[in-house]
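Take this structure, written in structure tokens, and hold onto it; I'll ask about it next.
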Amino acid sequence: VASVAQVPVAEGKSVQQTVEILTRKLELLGAEKQGTFCVDCETYHTAASTISSQGQTGKLMYVMHNSEYPLSCFALFENGPCLIADANFDILMVKLKGFFQNAKANKIESRGTRYQYCDFLVKVGTVTMGPSARGISVEVEYCPCVIANDCWNLLMEFMQSFMGNHTPGIPSVFGTKHDSIYSPADTMVQYMELFNKIRKQQQVPVAGIR
């Protein structure tokens, strides 16, 4: 069971400095580095030809990869299903370009260091779009448990130990999952929501410039 949250950049600090503060706290707790991770997301929108011929509204689809699941590719629709396919799915998307167009400027990813602390896996990542750092993601996974309700309090307590006031509330994806089994797709949905939130935060200031 995992929680994915955004951590705001500390006042007067850069994204990189804030990441260092977080990882230092983790190391002080006794967490050990366990390599790196990367989650990326490309946005596809319904091709204009499909919309006009079928009279449908355009839909966005997010094609995502997670280094924890190197053989899988995740395709998520907004408010919709999550398809888990094998890694060749990217090649298929090229063939589907008559239906889905890649919004190239929208590629976003989070990469950083993985930490292991007892039964917890923590990933602190820098979220980048193009060349610039746009935010910080923290994923905390409690590995022994697959039912969200059984371990949320424990997860939250652990997150408070190094995230303090920025400890997130219950992810919306848990709402539908009370006692059912948590899956990797649930983690990807959380990353998709986080990336979309960061994208929207970037768009706001631009609108104010005339």
Side-chain angles (χ1 to χ4, degrees), residues 1-6 33-51 54 56 58-116 119-130 134 137-148 151 171-177 179-199:
V1 176
S3 158
V4 178
Q6 183 183 0
K33 280 186 187 176
Q34 296 267 316
T36 56
F37 81 96
C38 177
V39 176
D40 67 55
C41 172
E42 293 205 50
T43 306
Y44 288 82
H45 51 80
T46 318
S49 55
T50 319
I51 297 170
Q54 297 178 1
Q56 294 175 333
K59 261 194 158 182
L60 292 176
M61 181 168 88
Y62 302 96
V63 176
M64 304 179 70
H65 304 90
N66 185 335
S67 53
E68 288 293 304
Y69 312 104
L71 300 178
S72 298
C73 177
F74 300 82
L76 296 89
F77 284 97
E78 269 182 312
N79 314 320
C82 172
L83 168 75
I84 302 178
D86 66 20
N88 294 337
F89 188 77
D90 292 327
I91 300 158
L92 179 67
M93 287 309 292
V94 175
K95 293 187 172 163
L96 289 176
K97 62 174 179 273
F99 301 97
F100 285 102
Q101 306 266 305
N102 187 339
K104 289 213 171 2
N106 256 343
K107 179 160 185 183
I108 187 167
E109 65 176 30
S110 176
R111 55 173 69 232
T113 312
R114 294 165 87 246
Y115 286 88
Q116 182 91 37
D119 288 332
F120 294 97
L121 190 57
V122 183
K123 297 171 199 163
V124 181
T126 303
V127 179
T128 53
M129 260 181 94
R134 298 294 175 90
S137 71
V138 176
E139 178 192 337
V140 181
E141 182 181 353
Y142 181 59
C143 302
C145 187
V146 290
I147 307 292
C151 64
S172 56
V173 74
F174 285 11
T176 52
K177 288 249 151 198
D179 296 312
S180 54
I181 289 180
Y182 186 91
S183 74
D186 298 322
T187 302
M188 299 313 280
V189 168
Q190 292 185 64
Y191 269 108
M192 177 185 80
E193 289 171 354
L194 177 115
F195 288 160
N196 282 343
K197 189 170 133 195
I198 288 176
R199 274 198 197 102

Check: When the ring planes of Phe120 and Tyr142 are compared, do they come out parallel, tilted or perpendicular, using 30° and 60° as the limits?
Finding: tilted
Check: Would a distance-only check, ignoring hydrogens and angles, find a side-chain to backbone donor-acceptor pair under 3.5 Å from Arg114 to Gly35?
Finding: no
Item checked: Value rounded to 0.5 Å, distance of CD1 in Ile84 from CG in Leu71 -> 12.5 Å
Check: Closest heavy-atom contact between Asn66 and Met188?
Finding: ND2-SD, 3.6 Å
Check: Which atoms form the tightest heavy-atom contact between Val63 and Cys73, and what is the distance?
Finding: CG1-SG, 3.5 Å
Checklist line | Nearest heavy-atom neighbours spanning Ile108 and Ile198 | finding: CD1-CG2, 4.4 Å
Next item on the list: Could you check if a side-chain atom of Met93 sits within less than 4.5 angstrom of a side-chain atom of Met61, using non-hydrogen atoms only?
Entry: yes
Next item on the list: Determine whether Asn106 and Arg199 make a side-chain contact, defined as any pair of heavy atoms from C-beta on separated by less than 4.5 Å.
Entry: yes
Next item on the list: For Thr187 and Glu139, test the side chains for any donor-to-acceptor distance below 3.5 angstrom and give the result as yes or no.
Entry: no
Notebook entry, point to check: Val1 and side chain to side chain contact (heavy atoms under 4.5 Å, CB included): which partner among Pro171, Cys151, Ser183?
Noted result: Cys151
Item checked: Main-chain N/O of Cys38 paired to Ser67 side chain as donor or acceptor, under 3.5 Å -> yes
Check: CZ/Arg134 to CD/Glu109 distance, rounded to the nearest 0.5 angstrom?
Finding: 12.5 Å
Check: What is the minimum heavy-atom distance between Asn102 and Thr43, and which atoms define it?
Finding: OD1-O, 3.4 Å
Check: Got a second to check how far Phe74's CZ is from Tyr69's OH, nearest 0.5 Å?
Finding: 6.5 Å
Notebook entry, point to check: To the nearest 0.5 Å, how far apart are NE2 in His45 and CD in Gln101?
Noted result: 6.0 Å
Item checked: Straight-line distance of Ser172 OG to Glu193 CD, nearest 0.5 Å -> 3.5 Å
Next item on the list: Side-chain contact test, heavy atoms from C-beta onward, threshold under 4.5 Å: evaluate it for Arg111 versus Thr36 and give yes or no.
Entry: no
Note to self: Please determine whether side-chain contact (heavy atoms from CB on, under 4.5 Å) holds for the pair Lys33 and Tyr115, giving the CA-CA distance in whole Å, both sets of side-chain angles, and the decisive distance to 0.1 Å.
What the structure shows: CA-CA 4 Å; Lys33 280 186 187 176; Tyr115 286 88; 3.3 Å; yes
Notebook entry, point to check: Hey, are the side chains of Gln6 and Val127 touching, using non-hydrogen atoms and a 4.5 Å cut-off?
Noted result: no
Next item on the list: Spell out, as yes or no, whether a donor-acceptor pair under 3.5 Å connects the side chain of Gln190 to the backbone of Ala2.
Entry: yes
Checklist line | Heavy-atom closest pair, residues Ser180 and Ile147 | finding: O-CD1, 3.7 Å
Notebook entry, point to check: Mind checking whether Phe195 and Val39 have side chains closer than 4.5 Å, heavy atoms only?
Noted result: yes
Next item on the list: Kindly give the heavy-atom pair with the smallest separation between Ser110 and Phe37, and that separation in Å.
Entry: O-CE1, 3.8 Å
Item checked: Nearest-0.5 Å distance, CZ of residue Phe100 to CG of residue Leu60 -> 9.5 Å
